[in-house]
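Only one structure is covered here, and it is reproduced in the block below.
Indexing begins at 1, ligand by ligand and atom by atom, following the structure's order. Predicted model only: the values in this text are computed from it and were never measured.
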Amino acid sequence: MSTAPRVLVVDPQHPEPHLIAEAANAILMGSVVAFPTETVYGLGADAMNPKAVAGIFEAKGRPAWNPVIVHVASAAEAQALVTRWPDEATTIAESLWPGPVTIVLPKAPRVPDIVSAGLPNVGIRIPAHPVALALIRAAGTSIAAPSANRFSEVSPTEAQHVVASLGSRVGLVLSGGSCDVGIESTVIDLTGDVPVVLRPGMITRDRLESLLGREVDYRSATVSGQGAEAAPQSSPGTAARHYAPRAEVWLFESEEAESLRKALISRQLGATNESATTRSLLIHADPGSLGPGVDDRTMPAFPDLYARELYRELHDADNAGVRLLLLELPPRHDSWAAIRDRLTRASR
Ligand code: TXA
Ligand code: MG
């Protein structure tokens with residue numbers, strides 16, 4: 001049915017110019033190309049070519065209401081895509097770009113509507129990955145790129161995740177190692193009176209507040225924030241899912257290990273051999289504390305290291321046929337906010 005994409009293995013630090021040129025040509029021809037960024041792999045197309053951007057939505061199976069982020073190589077290039085560039089954009093760009101933060105500003109008419117999903121604003125960032133930067137520069141155009149996975153699946157942090165998710169829906173994949181940050185960029189909206197974080201990321205709200213010297217709001221567009229509060233809980237696969245593995249996911253707070261253990265025992269009474277496919281990702285809970293038969297993995301107790309491993313663990317669980325995944329929530333602290341957000345989304 002489907003053939004594999006062409007995979008070009010590039011040096012992540014010093015990408016070979018002829019390989020970058022091949023990918024840049026594909027972008028300019030209107031194709032979609034997957035490439036590494038420091039956060040996750042992106043599925044890129046020429047942001048100025050609406051037909052090419054439509055190819056991203058088609059390859060991902062992504063609904064048209066979901067805007068895509070535009071990747072640029074300089075702040076000047078970003079300024080050319082917006083109608084207003086406030087001082088706070090300069091502050092963020094100067095201290096955090098290239099890096100995992102996306103700024104939302106009023107879009108210039110030259111940015112095709114399909115990029116912003118019809119919204120009056122556009123999200124822009126300079127990625128901190130040599131391969132991504134080389135590709136943008138070689139193409140000489142801004143590159144629209146969501147994460148390089150089918151809609152609602154876990155984002156890819158390695159080229160093989162891209163190939164497994166998209167297969168022949170993408171023609172060309174630049175394979176440049178694993179992503180250092182591991183989860184998607186922080187999205188900050190600077191269009192209103194008060195800056196608003198629309199998606200938490202490893203650039204934390206505290207960091208943005210101290211950088212800007214004032215309060216930054218938080219408003220998630222797609223997740224109510226409810227799910228994490230009432231764990232342990234089960235989430236039927238019928239709910240809207242995002243960043244979601246195929247396994248059923250239960251979230252729990254560190255102090256809830258004992259009640260989770262009881263819930264697991266009653267579940268196992270009704271199922272045969274369920275334990276063989278149950279895995280946990282722990283932080284502070286002791287291995288074994290959820291009961292025998294749970295394949296316990298201990299994750300790093302530091303947010304940056306945890307983020308780097310999270311999606312690989314979720315992909316691994318899917319590949320291993322894990323049916324029930326028990327995820328220990330990290331502390332309710334700003335430094336962990338993005339990870340709590342992704343774990344909550346994984347449980348929907
Ligand atoms: O780290 C990342 O941001 C990765 C890599 C590839 O750069 N990209 C990524 O893109 O995660 P994507 O398309 O999966 O994320 C798009 C999200 C939207 O769901 C929305 O939350 C926000 O970014 N966004 C983008 N453009 C926006 C806009 N014009 N207004 C409001 N939110 C926007
Ligand atoms: Mg995505």
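- Using a distance-only test at 3.5 Å, with no hydrogens or angles considered, a donor-acceptor pair links the side chain of Asp318 to the main chain of Arg246.
- If you check the side chains of Ser185 and Thr39, you find no donor sitting under 3.5 Å from an acceptor.
- Contacts between Val122 and ligand 1, counted as non-hydrogen atom pairs separated by less than 4.0 Å, involve the backbone only.
- By the rule that hydrophobic residues join a cluster once side-chain heavy atoms approach within less than 4.5 Å of another member, Ile69 and Ile136 end up as members of separate clusters.
- Of the polar atoms of Thr102, none of the N or O atoms is found under 3.5 Å from an N or O of ligand 1, judged by distance alone.
- Inspection of the Glu184 and Ser147 side chains reveals no N or O donor paired with an N or O acceptor under 3.5 Å.
- Distances between N or O atoms of Thr37 and those of ligand 1 include no value under 3.5 Å.
- Residue Thr39 has at least one nitrogen or oxygen atom sitting less than 3.5 Å from a nitrogen or oxygen atom of ligand 1, judged on distance alone.
- Residue His71 approaches ligand 1 through these ligand atoms, each under 4.0 Å from one of its heavy atoms: 5 (C), 6 (C), 7 (O).
- With ligand atoms numbered from 1 in the order given, ligand 1 contributes 6 (C) to contacts under 4.0 Å with heavy atoms of Gly42.
- With distances taken over non-hydrogen atoms, the option nearest atom 13 (O) of ligand 1 out of Glu184, Arg62, Lys107, Arg125 is Arg62.
- Contacts with ligand 1 closer than 4.0 Å are made by side-chain heavy atoms of Leu198 only, the backbone lying farther away.
- Using modelled atom types and a 3.5 Å distance limit, the side chains of Glu328 and Ser254 yield a donor-acceptor pair.
- Residue contact check: Ala145 has heavy atoms under 4.0 Å from atoms 6 (C), 8 (N), 10 (O) of ligand 1.
- At least one N/O/S atom of Ser147, from backbone or side chain, sits under 2.8 Å from the Mg ion (ligand 2).
- Looking at Pro67, Ser185, Pro127, Ser155, it is Pro67 that brings a heavy atom closest to atom 24 (N) of ligand 1.
- Of the N and O atoms on the side chains of Thr204 and Asp206, not one donor lies less than 3.5 Å from an acceptor on the other residue.
- Linking ILVMFWY residues whenever their side-chain heavy atoms come closer than 4.5 Å, directly or via other members, places Val322 and Leu251 in the same cluster.
- Distances between N or O atoms of Lys60 and those of ligand 1 include no value under 3.5 Å.
- A side-chain donor-acceptor contact under 3.5 Å links Thr37 and Arg125.
- For ligand 1 and Asn121, the ligand atoms under 4.0 Å from any heavy atom of the residue are 29 (N).
- For ligand 1, the atoms lying closer than 4.0 Å to a non-hydrogen atom of Val104 are 30 (N).
- Under a 4.0 Å criterion applied to the non-hydrogen atoms of Ser147, ligand 1 contributes the atoms 9 (C), 10 (O), 14 (O).
- No donor-acceptor distance shorter than 3.5 angstrom exists from the side chain of His284 to the backbone of Pro330, with no hydrogens or angles considered.
- For ligand 1 and Asn66, the ligand atoms under 4.0 Å from any heavy atom of the residue are 18 (C), 19 (O).
- The aromatic rings of His71 and Phe35 lie perpendicular to each other, with more than 60° between the two planes, well past the 30° mark.
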